[in-house]
Amino acid sequence: MRTRLWTTSYYALAGGLSVLFLFPLVWTGYASVAPHGATHQQDGFGFGNYTALLDYDAGLLRYLWNSTFVSLLTVAFTLALSILGGYAFARFTFRGRDTLFVLTLAILMVPYSTLLIPLYSMLGDLGMRGSLVGLSLVLTLYQLPFAVFMMRISFEAVPKEIEESAMCDGAGTFGVLTRIMLFAVWPGLVTVGLFSFLAAWNDFIAPLILVSEADKAVLPVAIANLRQQSMGAIDFGATQAGVVVMALPCLVLFALLQRHYVRGFMSGAIKG
């Protein structure tokens, strides 16, 4: 009886939380196609707001490409650097290793916005101000502490005997990393990649400050600009359509990779 009561309570709570979190998404999708006099969809249900979003300024496809390029480049940079850093912290012993690791994590305690002005100046000195590659590097910088931490605990969860066996067979350190260890920490890679993609895809303040050209704007900035109509009015319909377009890739990726994502978070917990 107690077990049945516990199970019922669990599902009731889980169902209630699901409704609570899904309601804003469902409402946003409905509002993006529903008729309203102050939007581009004034009569009947349709995709007038999406048409306005598609034709806005440089075009929705251009903004989608910018966001996709920045997000994928951020994922590539983050994975490459965090794999090397995490493997070094997990498997090599050198003086000051733990201190350096703590300093790496300490970046998380620095407010994101306080770094943007120095980085803006630095990118200008490097000739990368207003560049999507430069923006990707900035987004990578803030993702690295968590990514290195995640990859370190992922590598530490792999038994050392696997590496020792491979080295006895003649594999070098880099060969062990690329041919064996990366497959063993696959869930951690998915977790880091997904986190990096979501952070880069949804970031607003860094693209707003670091990229000024209209044709290089990413989707969040373009949607924010689209909100503003004449006389200070806000185009809620097009804004809701933009939110739906922004949310869909995140929902699809999370749904496809959820199993690996959870296993990646659990990798450090089951160490040993």
Side-chain angles (χ1 to χ4, degrees), residues 14 70-112 114-115 119 136-203 206 249-272:
V70 169
S71 300
L72 293 180
L73 200 58
T74 301
V75 171
F77 287 154
T78 303
L79 285 175
L81 295 174
S82 63
I83 286 171
L84 297 176
Y87 188 65
F89 281 123
R91 288 298 192 246
F92 296 107
T93 302
F94 51 89
R95 181 176 297 180
R97 182 187 68 171
D98 293 336
T99 302
L100 181 60
F101 184 66
V102 171
L103 290 175
T104 302
L105 295 181
I107 299 176
L108 292 173
M109 295 185 290
V110 180
Y112 182 26
T114 62
L115 299 174
L119 290 172
S136 300
L137 290 173
V138 171
L139 295 174
T140 300
L141 171 67
Y142 202 70
Q143 291 301 309
L144 274 181
F146 168 78
V148 171
F149 169 77
M150 193 72 221
M151 293 314 303
R152 178 179 181 175
I153 64 174
S154 297
F155 283 123
E156 287 179 340
V158 179
K160 290 185 178 181
E161 291 77 9
I162 295 178
E163 294 174 89
E164 295 171 353
S165 176
M167 289 182 177
C168 288
D169 291 335
T173 302
F174 189 73
V176 171
L177 174 61
T178 55
R179 298 178 183 179
I180 298 175
M181 296 299 291
L182 290 184
F183 296 97
V185 297
W186 171 251
L189 295 176
V190 172
T191 301
V192 169
L194 186 58
F195 246 86
S196 302
F197 181 88
L198 295 180
W201 181 266
N202 293 303
D203 196 275
C250 302
L251 293 174
V252 171
L253 277 177
F254 188 81
L256 292 176
L257 302 175
Q258 180 183 11
R259 179 165 55 91
H260 301 290
Y261 174 79
V262 175
R263 286 178 58 194
F265 265 119
M266 293 297 294
S267 59
I270 61 176
K271 176 187 173 184

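Given the structure is predicted, the values throughout are model-derived calculations rather than measurements.
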**Complete:** Here the gap from Thr140 atom OG1 to Leu79 atom CG, rounded to the nearest 0.5 Å, amounts to 9.5 Å

**Complete:** The salt bridge (charged side-chain N to carboxylate O under 4.0 Å, His left out) partners of Arg152 (sequence neighbours excluded) come to Asp98, Glu156

**Request:** Drop me the distance from Leu182's CG to Ser154's OG, to the nearest 0.5 angstrom.
**Result:** 11.0 Å

**Message:** In terms of relative ring orientation, are Trp201 and Phe197 parallel, tilted or perpendicular, with 30° and 60° separating the classes?
**Reply:** parallel

**Request:** For a side-chain contact (heavy atoms from CB on, under 4.5 Å) with Thr74, tell me which candidate from Asp203, Leu141, Val138, Leu139 qualifies.
**Result:** Leu139

**Asked** To the nearest 0.5 Å, how far apart are CG in Leu189 and CZ in Phe183?
**Response** 10.0 Å

**Message:** Under the criterion side-chain contact (heavy atoms from CB on, under 4.5 Å), I'd like the reasoning laid out for Phe155 against Leu177: C-alpha separation, chi angles, the key distance, then a yes or no.
**Reply:** CA-CA 10 Å; Phe155 283 123; Leu177 174 61; 3.8 Å; yes

**Message:** Is it the case that atom CZ in Phe101 sees more than 12 heavy atoms from other parts of the structure closer than 6.0 Å?
**Reply:** yes

**Item:** Residues forming a ring pair (Phe, Tyr, Trp, His ring centres under 6.0 Å) with Phe92, sequence neighbours excluded
**Value:** Tyr87

**Crowding at CZ, Phe94 (>12 non-hydrogen neighbours, <6.0 Å)** = yes

**Prompt:** Rounded to the nearest 0.5 Å, what separation is found between the CD atom of Gln143 and the OG atom of Ser136?
**Reply:** 12.0 Å

**Prompt:** Quick one: SG on Cys250 to CG on Leu194, what's the gap to the nearest 0.5 Å?
**Reply:** 8.5 Å

**Request:** To the nearest 0.5 Å, tell me how far Phe149 CZ sits from Leu105 CG.
**Result:** 7.0 Å

**Message:** Taking atom CZ as the centre, does Arg97 end up with more than 12 heavy-atom neighbours from other residues, nucleotides or ligands that are less than 6.0 angstrom away?
**Reply:** yes

**Message:** Here's a test for you: under side-chain contact (heavy atoms from CB on, under 4.5 Å), which of Thr78, Val75, Ile83, Leu144 qualifies with Val192?
**Reply:** Thr78

